[in-house]
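Data first, discussion second: the structure below is written as structure tokens.
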Amino acid sequence: MGIARNILLAGSRSAWLREQAGSYAFVRRAVSRFMPGESLDEAVDAAKTLKVRGLGAILTHLGENVGEVAEAVGVTRHYLEVLDRADAERIGSEISVKLTHLGLDLGEDLAVANLEQLAEKADAVGSRTWVDMEDSSYVDRTLAVFTRVQKRHRRLGICLQAYLYRTEKDLESLIPLGCGVRIVKGAYKEPPSVAWPRKSDVDASFLKLAQRLLEPESLGQGAVGVFGTHDQVLIRKINAHAAKQGLSKNVFEYALLYGIRPEMQYRLAEDGYRVRTLISYGAYWFPWYMRRLAERPANVGFVLRSILGR
Ligand code: FDA
């Protein structure tokens, strides 16, 4: 793992840096590349613009590791409003939530109760709630909460990270549930005892997991594969594999982040693939933004250029 990536991921956990960063206009300018704004209105406007180009959206209110029950309840209420708003505005947006934002650090039952409300509302408005995957210390608890709620809400979806050795086994336990599974490479700083350190191994793992989700047995059980990547080579391989299996383009989906390779997102949609853009918004953007920088340390160049106003 690169030194720059390590430094950026370590920085993402610093409360001091988080407080400092928000007060600098140049940092906020740089962040705007990856999020349309801090408010739900701005996220909804961005979703409307994407819809015109044939792309769906997934909305995420930034935040994690809340320490008060009232805060977790407030976050849940906010997401209920988001689902209602997406329904009223007919933008068809889904939501993606972090369980520590819904109170997982305060207890599994609280996270279950909050997630249950979101899954219920999503079912009622014909949408879907996604559960993000956080660092490896949360995987067991995330899967436990997810499976408790998914029993009653089949459409609930979950993210799995290709960089973890355990993921192949986790996927096997999820396929019979017939749920949505979003595969991503993984964004956290993990030790080699739990995650592949080499990018080539992570890429190979991603492809293997995607192919497993596209097998007739997985599709037959109702599992829906969503591939969360901007990696063109990987996307080409998944498309070629699906075509070779004679699969229709609408049995799986791509999900990409707002502001990253937008032209590729439009092209995929124009080529007939189902594509959703994940739009993040909210004031708590610092740790999330540092993870975006760590994915591509060359992004730091954008920050430096925005300091210089270029
Ligand atoms: P990779 O990092 O190899 O990038 C491929 C190419 O994409 C790069 O060469 C570059 O051109 C472009 N690119 C990628 N990231 C970029 C960036 N930040 N800035 C500019 N260009 C960039 N992770 C996690 O641990 N838990 C989760 O729940 C989620 N959820 C999630 C949802 C969705 C919809 C997406 C797209 C991603 C996530 N992630 C995530 C993040 C994921 O783990 C991963 O860190 C990023 O998607 C980057 O990896 P890629 O697959 O794009 O490949």
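Computed over heavy atoms, backbone and side chain alike; hydrogens, waters and symmetry mates excluded. Both ligands and their constituent atoms are indexed starting at 1 by order of listing.
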Report the part of Arg291 (side chain from C-beta onward, or backbone N, CA, C, O) that has a heavy atom under 4.0 Å from ligand 1; answer both or neither where that applies. neither

Nitrogen or oxygen of Gly186 less than 3.5 angstrom from that of ligand 1: yes

May I ask you to list the atoms of ligand 1 that are less than 4.0 angstrom from any heavy atom of Arg182? 28 (O), 30 (N), 31 (C), 32 (C)

If I apply the N/O under 3.5 Å rule, does Tyr188 come out as touching ligand 1? no

Which of the atoms of ligand 1 are close to Lys199, meaning less than 4.0 Å from one of its heavy atoms? 3 (O)

Test item, Gln232 contacting ligand 1 (heavy atom, 4.0 angstrom): no

Close-contact set for ligand 1 against Cys159 heavy atoms, below 4.0 Å: 27 (C), 28 (O), 29 (C)

Contact partition for Ile260 relative to ligand 1, non-hydrogen atoms under 4.0 Å: side chain

Determine, using the 4.5 Å side-chain heavy-atom cutoff (strictly less than), whether Tyr188 and Tyr165 are members of one ILVMFWY cluster. yes

Any atoms of ligand 1 less than 4.0 Å from a non-hydrogen atom of Asp132? List them with their elements. 28 (O)

Which atom pair, heavy atoms only, marks the closest approach of Leu174 to Cys179? O-SG, 3.8 Å

With salt bridge (Lys or Arg N to Asp or Glu O under 4.0 Å) as the test, would you mind laying out the steps for Asp132 and Arg182 before giving the verdict? CA-CA 9 Å; Asp132 287 351; Arg182 178 210 295 149; 3.3 Å; yes

Quick test of your reading of the model: are Arg212 and Glu172 salt-bridged, counting only N-O distances below 4.0 Å? yes

Closest to atom 3 (O) of ligand 1 (heavy atoms only, candidates Lys185, Met264, Glu134, Arg276) is Lys185

What is the ring orientation for Tyr254 with Tyr273, classed by angle as parallel under 30°, tilted 30 to 60°, or perpendicular over 60°? perpendicular

Test side-chain contact (heavy atoms from CB on, under 4.5 Å) on Thr229 and Leu256 and set out the steps. CA-CA 6 Å; Thr229 183; Leu256 298 93; over 6 Å; no

For the CZ atom on Arg77, are there more than 12 heavy atoms of other groups (residues, nucleotides or ligands in this structure) within a distance under 6.0 Å? no

State whether the shortest distance between N or O atoms of Met133 and N or O atoms of ligand 1 falls below 3.5 angstrom. yes

Tyr138 side chain near Asp135 side chain, heavy-atom distance below 4.5 Å: yes

Where ligand 1 meets Arg261 - atom numbers and elements under 4.0 angstrom, heavy-atom basis: 6 (C), 11 (O)

Close-contact set for ligand 1 against His230 heavy atoms, below 4.0 Å: 6 (C), 7 (O), 14 (C), 36 (C), 47 (O), 50 (P), 51 (O), 52 (O)

Those atoms of ligand 1 less than 4.0 Å from some heavy atom in Leu257: 33 (C), 35 (C), 36 (C), 37 (C)

Nearest candidate to atom 5 (C) of ligand 1, where distance is taken over non-hydrogen atoms, out of Thr142, Asp231, Thr60: Asp231

Under 6.0 Å from the ring centre and within 45 degrees of the ring axis: does the NZ or CZ of Lys185 meet both conditions for the six-membered ring of Tyr163? no

Could you tell me, atom by atom, which parts of ligand 1 come under 4.0 Å of a heavy atom of Gln161? 24 (C), 25 (O), 26 (N)

Per-pair distances, 0.1 Å, donor-acceptor, side chain in residues 45-55, under 3.5 Å, sequence neighbours excluded:
from  : atom 1 : to    : atom 2 : distance (Å)
Lys48 : NZ     : Glu89 : OE1    : 2.7
Thr49 : OG1    : Asp45 : O      : 3.0
Lys51 : NZ     : Arg90 : O      : 2.6

Non-hydrogen atom of Phe34 closer than 4.0 Å to ligand 1: yes

